[in-house]
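Working notes, structure below.
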Amino acid sequence: MKLSELPRRVAAIVESVEDAMPNDAIARRLRELGFVAGERVELMAAGPFTAEPLLVQVGFTRFALRRVEAARVRVAMAGDPA
C-alpha cells in the first residue's frame, strides 16, 4: 500500500521508497528524512483543500508531504505479516 492511501491515525511500517529514475533526488531526500525500511509511520492529518498537504509522522518527527511524494513510500499496516 502507498503511504498516501493509508487511513488516518493507523500505524504502518515503511517497506521502501520508490525511485522514479536513477539518482532520484526526491526519493533520496525522503530516505534522509527517515522514511527507511522498518520505520514506524502514521498519517496524522490532511489539508483542508484537495487533502494536501499530508501531515505524516515518521518515528517521533512530523513532516508535511505532498500527496505525490507520499505515494512513493510503500508501507505495510503494522501487525500485518510480511
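- Under a cut-off of 6.0 angstrom, the local environment of CZ in R66 is sparse, with at most 12 non-hydrogen atoms contributed by other residues, nucleotides or ligands.
- To the nearest 0.5 Å, the span separating CD1 on I13 from CZ on R74 amounts to 15.0 Å.
- The two atoms that bring P7 and L43 nearest to each other are O-CB, 4.2 Å, heavy atoms only.
- Minimum heavy-atom separation, M77 to L6: SD-CD1, 3.5 Å.
- Expressed to the nearest 0.5 Å, how far CG of L30 lies from CD of E18 amounts to 11.0 Å.
- For R67 (side chain) and A51 (main-chain N/O), a donor-acceptor pair under 3.5 Å exists by modelled atom type.
- The distance from the CD atom of E69 to the CZ atom of F63 is 11.5 Å, given to the nearest 0.5 Å.
- If you chain together hydrophobic residues whose side chains sit under 4.5 Å apart, M1 and V17 fall into the same group.
- Within the 4.5 Å cutoff, side-chain heavy atoms of R28 are placed close to those of N23.
- Residues V10 and L55 fall into different hydrophobic clusters, defined by Ile, Leu, Val, Met, Phe, Trp and Tyr side chains chained together at heavy-atom separations under 4.5 Å.
- With a 4.5 Å cut-off on side-chain heavy atoms, R31 and V14 do not count as touching.
- Within the 4.5 Å cutoff, the side chain of V41 has heavy atoms near those of the L3 side chain.
- Rounded to the nearest 0.5 Å, atoms CE (M44) and CG (L54) are 12.5 Å apart.
- For the side-chain contact (heavy atoms from CB on, under 4.5 Å) criterion with E39, the lone passing option out of V75, V73, V58 is V58.
- Considering all non-hydrogen atoms of both residues, A37 and E15 come closest at CB-O, 3.5 Å.
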